[in-house]
Amino acid sequence: MVTTTVLGLPRIGPKRELKFALESHWAGRLSAAELLEEAAAVRADLRGRTVRAGLSQIPVGDFALYDHVLDMALVLDAVPDRFTGLRDDRLALAFAMARGRPDGQGVAALEMTKWFDTNYHYLVPELQPASRFAYVWRKHVELFQEAMAQGHDARPVLLGPLSFLALSKPTDPAATTSALLDPLLEAYAALLADLASSGVREVQLDEPVLVLDADEGTGPALTRAYGRLRAAAPSLSLWLTPYFGEIAPDLLDRVLDLPVDVLHLDLVRGPDQLERVLARLPADLDLSLGLVDGRNIWITDLDRAVAAAERAAGQIGPERLAIATSCSLLHVPYGLATETALDPDVRSWLAFGEEKMAEVALIGAALEQGQSAVAAELAANREAHRARLESPRVHDPAIRARARAITPEMTRRGAPYPERRVLHQARFDLPPIPTTTIGSFPQTREVRLARAAFRNRTMAPSAYQRFLQAETEKAIRRQEAIGLDVLVHGEFERNDMVEYFGERLSGFAFTAGGWVQSYGSRCVKPPIIYGDVARPSPMTVEAAAFAQSLTTRPVKGMLTGPVTILQWSFVRDDQERQETCRQIALAIRDEVADLEKALIGIIQIDEPALREGLPLTRAARPSYLAWAVECYRLAASGVRDDTQIHTHMCYAEFDDIIDSIVALDADVISIETARSAMKLLGSFVETTYPNEIGPGIWDIHSPRVPGIAEMEGLLLRAVEHIPADRLWANPDCGLKTRGWAETEESLVHLVQAARNVRRRLAA
Ligand code: GLN
Ligand code: ZN
């Protein structure tokens with residue numbers, strides 16, 4: 001019998017039940033016992049869905065209240081010393097590691113960072129020199145027993161030891177991976193032995209790091225680790241599951257030699273590896289074929305998937321195969337049932353979590369009973385693909401012709417920056433170290449209520465318009481009173497910097513309940529780009545022009561850049577990402593041109609997600625960076641030389657992409673630096689960033705108001721690296737989550753700090 005399964009499941013609940021339970025618990029309204037009960041209900045519901053979809057085996061233990069990497073650290077007792085006082089209460093400990101100590105004792109949370117190239121964030125375990133790992137929490141046994149009691153064939157999922165180490169952060173040079181591998185393996189060995197003696201038959205060991213560029217140590221560590229795990233539990237069937245790409249070619253031979261029982265292949269991102277693996281597959285190694293995309297929301301090309309499965313079955317027999325998703329379903333929404341308002345054509349091209357499980361089951365059935373047994377389903381799938389391929393809602397010849405006609409000149413400003421700069425000085429007459437903000441101002445309850453009322457049609461469009469204008473006018477007057485040099489309209493009309501634009505562009509669809517976990521209780525609802533993208537009419541010009549009409553100071557027009565819109569959406573899989581990005585870039589370019597025509601002289605195109613799009617392997621990066629930069633420049637370069645273009649980036653590692661940031665050729669870039677006390681400036685210094693920079697001097701993540709001296713100190717640090725005549729003063733990021741009180745006070749300090757530094761430099 002062919003095993004049909006998924007590598008992991010979503011976990012926030014079909015209506016975000018877990019999110020709301022967590023938040024109630026943190027607010028003190030829900031007890032720990034009630035929270036755990038809610039979590040068990042979410043799991044039971046999920047298991048029901050896997051059965052209804054027809055899967056033969058389900059993963060367990062991938063569930064986590066906050067984060068699965070955090071849970072693995074807790075299972076292995078990788079708890080930093082500063083949390084020692086909380087060891088007796090695992091739930092309180094977990095939440096303290098995730099969110100810091102709420103009681104104001106100043107115990108910092110673990111750092112959070114992106115899970116590979118997804119928009120999921122995990123908590124980074126800390127490795128101390130004396131890290132004594134120990135198997136202290138039987139989480140996987142408990143969840144296995146829970147599932148068995150409900151009658152499921154369950155396969156516990158562990159984050160594998162190599163990935164656990166690679167994703168962790170040494171807090172001391174002595175805490176090296178090589179020093180810690182053996183003690184870590186002993187804890188894993190104890191865990192596996194416990195699973196084996198608890199009746200578990202199969203265990204999944206996730207090793208996504210095997211798709212990254214391997215360094216010298218990886219191969220030997222891999223052999224050592226899996227040798228030890230095998231010895232710990234000779235009876236267990238061990239699944240080794242790399243995903244998010246093909247297994248690093250340098251490691252493949254070694255991987256095929258490991259003493260594991262099933263090897264998973266991500267055949268969505270690495271379809272070519274199937275032949276390579278089949279050519280060398282040992283007789284005692286079975287395969288799990290990841291044929292259904294766990295990272296995107298399109299229906300699978302079932303003909304192709306079945307063909308790949310049949311190809312593998314033809315060589316090794318169906319009994320040695322499992323059919324699976326490429327990775328966990330954590331990265332897609334629960335199911336399409338909530339999407340009754342979606343355009344029926346678009347809907348027929350989509351598969352969320354539940355539909356993907358059904359696809360896996362279907363491929364399994366085709367393999368086991370022959371294609372004729374599922375002929376109707378295959379025909380329907382074929383028909384949906386054909387309709388999508390031919391649909392006029394997807395393909396717009398005018399947009400395609402325009403994208404084909406892009407010339408290199410369109411991606412270049414007229415004059416080089418030094419000449420543009422002279423024009424900007426003449427046009428805007430700004431003081432040295434001009435002050436500005438990143439775009440959004442506080443989204444107060446009033447603002448959110450008005451937006452909701454407008455959406456629900458309980459507020460008339462004209463009344464909403466008047467409300468927004470009144471908010472903008474107040475924001476302009478406040479900025480004038482504070483003394484900022486370059487003003488913004490405040491972005492009160494935007495609920496989200498991608499959704500706002502997506503709703504005004506063609507080719508985008510929006511879901512009612514397509515939530516995906518971003519971190520902890522935070523979820524996002526990414527737009528779906530299904531068709532060619534164009535801008536039917538101006539999106540931001542009215543708001544910017546209105547704001548500019550109120551003041552003699554320059555008002556910055558605010559746009560989200562093409563790469564960020566792409567990155568934070570579910571993207572088409574029927575054309576290259578760069579094609580889609582170019583279409584978005586042309587739409588933004590149109591908007592930039594209209595802003596310029598409306599006499600907006602300064603335009604900011606935000607690209608906070610530029611770094612996130614970076615491919616996981618080095619070999620693929622140059623091409624991504626080339627088209628990403630080209631798309632930004634395409635959006636930004638259609639302007640006169642005396643128009644000043646800004647960009648903004650935040651909360652990412654910039655060191656490895658600094659050349660590309662320079663290549664954007666924005667006149668001004670604002671970046672987040674206050675949070676790291678200007679550490680980030682390092683990359684910009686070494687490359688001597690040639691244009692203007694606004695390093696953030698206010699960490700906007702808390703209501704704390706930084707003093708004048710503190711911000712002045714940061715600016716003085718910045719002037720050591722950046723000539724004062726190319727320096728701006730601004731916060732780290734947008735202010736939409738802040739309140740007005742701290743915003744006004746902090747900005748008054750920021751303006752004063754800039755004035756003080758100007759005076760010092762003039763003296
Ligand atoms: N202009 C946006 C804002 O101020 C930028 C947000 C971001 O960088 N994520 O909200
Ligand atoms: Zn930002």
Side-chain angles (χ1 to χ4, degrees), residues 112 114 119 121 435-444 447-448 451 468 471-472 475-476 478-479 484 486-502 518-519 522 524 526-527 539-540 543-544 547 555-569 588 591-592 595 600 602-613 632 635-636 645-654 657 661 664 666 668-676 680 693-702 728-740 742-743 746-747 750:
M112 192 164 68
K114 294 226 171 225
N119 200 14
H121 302 68
T435 54
T436 190
T437 60
I438 306 304
S440 56
F441 273 120
Q443 298 230 330
T444 55
V447 170
R448 281 180 281 123
R451 216 171 32 226
L468 290 177
E471 288 300 305
T472 294
I476 293 287
R478 278 170 151 144
Q479 294 172 84
L484 288 158
V486 173
L487 315 190
V488 295
H489 79 282
E491 299 182 20
F492 303 110
E493 73 287 7
R494 302 184 197 174
N495 141 58
D496 175 277
M497 65 185 291
V498 169
E499 190 173 63
Y500 179 80
F501 289 92
S518 173
Y519 63 88
R522 285 285 283 269
V524 293
M539 307 183 282
T540 65
V555 170
K556 226 177 354 178
M558 281 300 151
L559 302 174
T560 303
V563 184
T564 298
I565 293 180
L566 183 85
Q567 200 56 36
W568 290 349
S569 303
I588 300 295
E591 186 70 12
V592 170
L595 283 169
I600 302 300
I602 304 183
I603 300 166
Q604 177 171 312
I605 308 171
D606 292 329
E607 285 290 19
L610 187 79
R611 172 66 174 72
E612 277 176 44
Y632 177 88
I645 297 287
H646 290 221
T647 191
H648 166 72
M649 288 176 197
C650 49
Y651 311 110
E653 205 51 68
F654 298 122
I657 61 159
I661 295 176
L664 298 178
V668 184
I669 179 171
S670 59
I671 50 167
E672 156 255 339
T673 38
R675 184 132 128 156
S676 62
L680 273 174
I693 309 189
I697 56 171
W698 166 23
D699 172 9
I700 52 91
H701 272 88
S702 78
W728 287 63
N730 46 254
D732 265 353
C733 192
L735 301 170
K736 84 184 201 204
T737 57
R738 295 273 57 85
W740 269 112
E742 72 256 23
T743 294
S746 302
L747 289 176
L750 182 141

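In listed order, ligands and their atoms are each counted from 1. What's counted below: heavy atoms across the whole structure, side chains too, no hydrogens, waters or symmetry copies.
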Quiz item: Short list, please: which atoms of ligand 1 are under 4.0 Å from a heavy atom of Gly734?
Solution: 3 (C), 4 (O), 10 (O)

Practice problem: Determine which of the N, O or S atoms in His648 is closest to the Zn ion (ligand 2) and give its atom name. | Solution: NE2

Quiz item: Which residue supplies the protein heavy atom nearest to atom 5 (C) of ligand 1, what is that atom called, and how far is it?
Solution: Asp606 OD2, 3.3 Å

Quiz item: Hey, is the main chain of Ser440 close enough, under 3.5 Å, to the side chain of Arg494 for a donor-acceptor pair?
Solution: no

Practice problem: Provide the number and element of each atom of ligand 1 under 4.0 Å from a heavy atom of Cys650. | Solution: 8 (O)

Quiz item: With side chains defined as the heavy atoms from C-beta onward, is the minimum distance between Pro527 and Val498 less than 4.5 Å?
Solution: yes

Self-check item: Output field: ring centroids His121/Tyr651 closer than 6.0 Å
Solution: no

Quiz item: ligand 1 and Ile438, any nitrogen or oxygen pair closer than 3.5 angstrom?
Solution: yes

Quiz item: Which of the numbered atoms in ligand 1 are below 4.0 angstrom from a heavy atom of His648?
Solution: 8 (O)

Quiz item: Does some side-chain heavy atom of Val524 sit less than 4.5 Å from a side-chain heavy atom of Trp568?
Solution: no

Self-check item: Met497 neighbourhood, listing ligand 1 atoms whose heavy-atom distance to it stays under 4.0 Å
Solution: 6 (C), 7 (C), 9 (N)

Quiz item: Out of curiosity, Thr435 OG1 to Leu484 CG, how far, rounded to the nearest 0.5 Å?
Solution: 4.5 Å

Quiz prompt | Residue and atom name of the nearest protein heavy atom (relative to atom 10 (O) of ligand 1), distance in Å to one decimal | solution = Ser440 OG, 2.7 Å

Quiz item: In terms of atom number and element, which parts of ligand 1 are under 4.0 angstrom from non-hydrogen atoms of Gly439?
Solution: 4 (O)

Quiz item: With a 4.5 Å heavy-atom cut-off, do Arg738 and Thr444 have their side chains touching?
Solution: no

Practice problem: Starting at SG of Cys733, measure out to CD of Glu672 and round the result to the nearest 0.5 Å. | Solution: 8.0 Å

Quiz item: Is it true that Glu491 lies under 4.0 Å from ligand 1, counting heavy atoms only?
Solution: yes

Quiz item: Which part of Cys733 is near ligand 1, with near meaning a heavy atom under 4.0 Å away: side chain, backbone, both or neither?
Solution: side chain

Quiz item: Got Phe441 and His489 here, is their nearest side-chain heavy-atom distance under 4.5 Å?
Solution: no

